[in-house]
Amino acid sequence: VQLQASGGGLVQAGDSLRLSCAASGRTLSGDDVMGWFRQAPGLEREFVAGVRWIGGRTYYPDSLKGRFTISRDIGKRTVYLQMNSLKPEDTAVYYCAGTSRIIYSNLGIPSSWHYWGQGTLVTVSS
């Protein structure tokens, strides 16, 4: 599976932004989970959200529940990350990721995900 992320940019604090991740290659199935991570300079890659490709169940870390929403469009083979009330600390490179072999207790571990997009930069100014 190849992933292409887009939608990043420069926004002001309080603004909203939607990221997209287009998947290509093999057909995604019920084994697949798609997600987003982010990495700020000098920090480790952080899990932001995940969604089961079939069924649509979503997963978030407690710290981001309520502001970020992940969704997917099966027909377009695209995963979205809607980010609201953005803060300067949300500034990071955002990566989409996927896996067909997830252990759900390991969702937050980057090495548990097996294919990655190239990242898109989100900068939130104060």
Side-chain angles (χ1 to χ4, degrees):
V1 177
Q2 293 77 48
L3 302 177
Q4 180 74 37
S6 62
L10 173 63
V11 297
Q12 293 187 333
D15 285 352
S16 297
L17 197 63
R18 189 177 79 159
L19 306 181
S20 300
C21 175
S24 61
R26 68 165 174 82
T27 301
L28 299 176
S29 70
D31 292 330
D32 287 291
V33 178
M34 306 298 291
W36 291 92
F37 283 74
R38 67 184 182 184
Q39 189 165 21
L43 299 180
E44 294 185 351
R45 196 165 292 194
E46 175 189 21
F47 175 67
V48 173
V51 61
R52 287 191 186 180
W53 189 250
I54 303 298
R57 181 175 177 177
T58 57
Y59 306 86
Y60 302 94
D62 289 341
S63 59
L64 293 175
K65 283 182 180 177
R67 292 197 301 123
F68 289 14
T69 303
I70 190 170
S71 61
R72 85 275 187 258
D73 185 321
I74 293 177
K76 294 183 178 179
R77 304 184 72 189
T78 300
V79 179
Y80 302 100
L81 183 68
Q82 177 68 42
M83 304 183 292
N84 298 328
S85 302
L86 283 163
K87 305 174 182 180
E89 51 264 42
D90 294 318
T91 295
V93 176
Y94 284 72
Y95 298 91
C96 61
T99 177
S100 58
R101 302 191 299 274
I102 195 69
I103 297 174
Y104 285 95
S105 59
N106 292 340
L107 272 173
I109 301 173
S111 60
S112 296
W113 298 73
H114 301 100
Y115 30 94
W116 292 85
Q118 84 287 5
T120 185
L121 176 62
V122 173
T123 304
V124 184
S125 64
S126 58

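Both cation-pi conditions hold for Arg45 and Trp116: the charged atom is under 6.0 angstrom from the six-membered ring centre and inside a 45 degree cone around its axis.
Side-chain atoms of Tyr60 and Arg67 include no donor-acceptor pair closer than 3.5 Å.
Here the straight-line distance linking atom CD of Gln82 with atom CD1 of Ile70 works out to 12.0 Å at 0.5 Å rounding. If you take OG1 on Thr69 and CG on Asn84, they are separated by 6.5 Å, rounding to the nearest 0.5 Å. One distance of note links CG of Leu3 with OG of Ser24; it measures 7.5 Å at 0.5 Å rounding. A distance of 11.5 Å separates CZ of Arg72 from CE of Met34, quoted to the nearest 0.5 Å. Atom SG of Cys21 is separated from atom CZ of Arg77 by 11.0 Å, given to the nearest 0.5 angstrom. For the atom pair OG1 (Thr99) and CH2 (Trp53), the distance works out to 14.5 Å, reported to the nearest 0.5 Å.
The two residues Phe37 and Ala97 come nearest to each other via the heavy atoms CD1-CB, 4.3 Å. Between Val122 and Gly8, the shortest heavy-atom contact is CG2-CA, 4.1 Å. Closest heavy-atom contact between Ser126 and Ala13: CA-CB, 4.3 Å. For the residue pair Leu121 and Ala92, the shortest heavy atom distance occurs at CD1-O, 3.6 Å.
A single hydrophobic cluster is seen to contain both Val1 and Tyr94, as judged by linkage of ILVMFWY side chains at heavy-atom distances under 4.5 Å, directly or through other members. Criterion: ILVMFWY side-chain heavy atoms under 4.5 Å apart, direct or through other members. Under it, Val93 and Leu19 are not part of a common hydrophobic cluster. When the side chains of ILVMFWY residues are joined at heavy-atom separations under 4.5 Å, either directly or via intervening members, Tyr115 and Ile74 end up in a single hydrophobic cluster. Side-chain heavy atoms closer than 4.5 Å link hydrophobic residues (I, L, V, M, F, W, Y) into clusters, and following such links, possibly through other members, connects Ile54 to Val51. One hydrophobic cluster, built from ILVMFWY side chains closer than 4.5 Å, holds both Leu81 and Leu28.
Taking the side chain as every heavy atom from C-beta outward, Tyr95 and Val48 never approach each other to under 4.5 Å. Using a 4.5 Å cut-off on side-chain heavy atoms (C-beta onward), Leu107 and Trp113 make contact.
A donor-acceptor pair under 3.5 Å is absent between the side-chain atoms of Gln118 and the main chain of Gln4, judged by distance alone. Here the side chain of Asp73 pairs a donor or acceptor atom with the backbone of Lys76 at under 3.5 angstrom.
Between Trp36 and Phe68, the distance from one ring center to the other does not fall under 6.0 angstrom.
Each of Thr123, Val124, Thr91, Asp90 was checked for a side-chain contact (heavy atoms from CB on, under 4.5 Å) with Val11, and the lone residue meeting it is Val124.
With a 6.0 Å radius and a threshold of 12 heavy atoms from other residues, nucleotides or ligands, Glu44 has its CD atom at or below the threshold.
Asp32 and Arg26 are joined by a salt bridge, as a carboxylate oxygen and a charged side-chain nitrogen come within less than 4.0 angstrom of each other.
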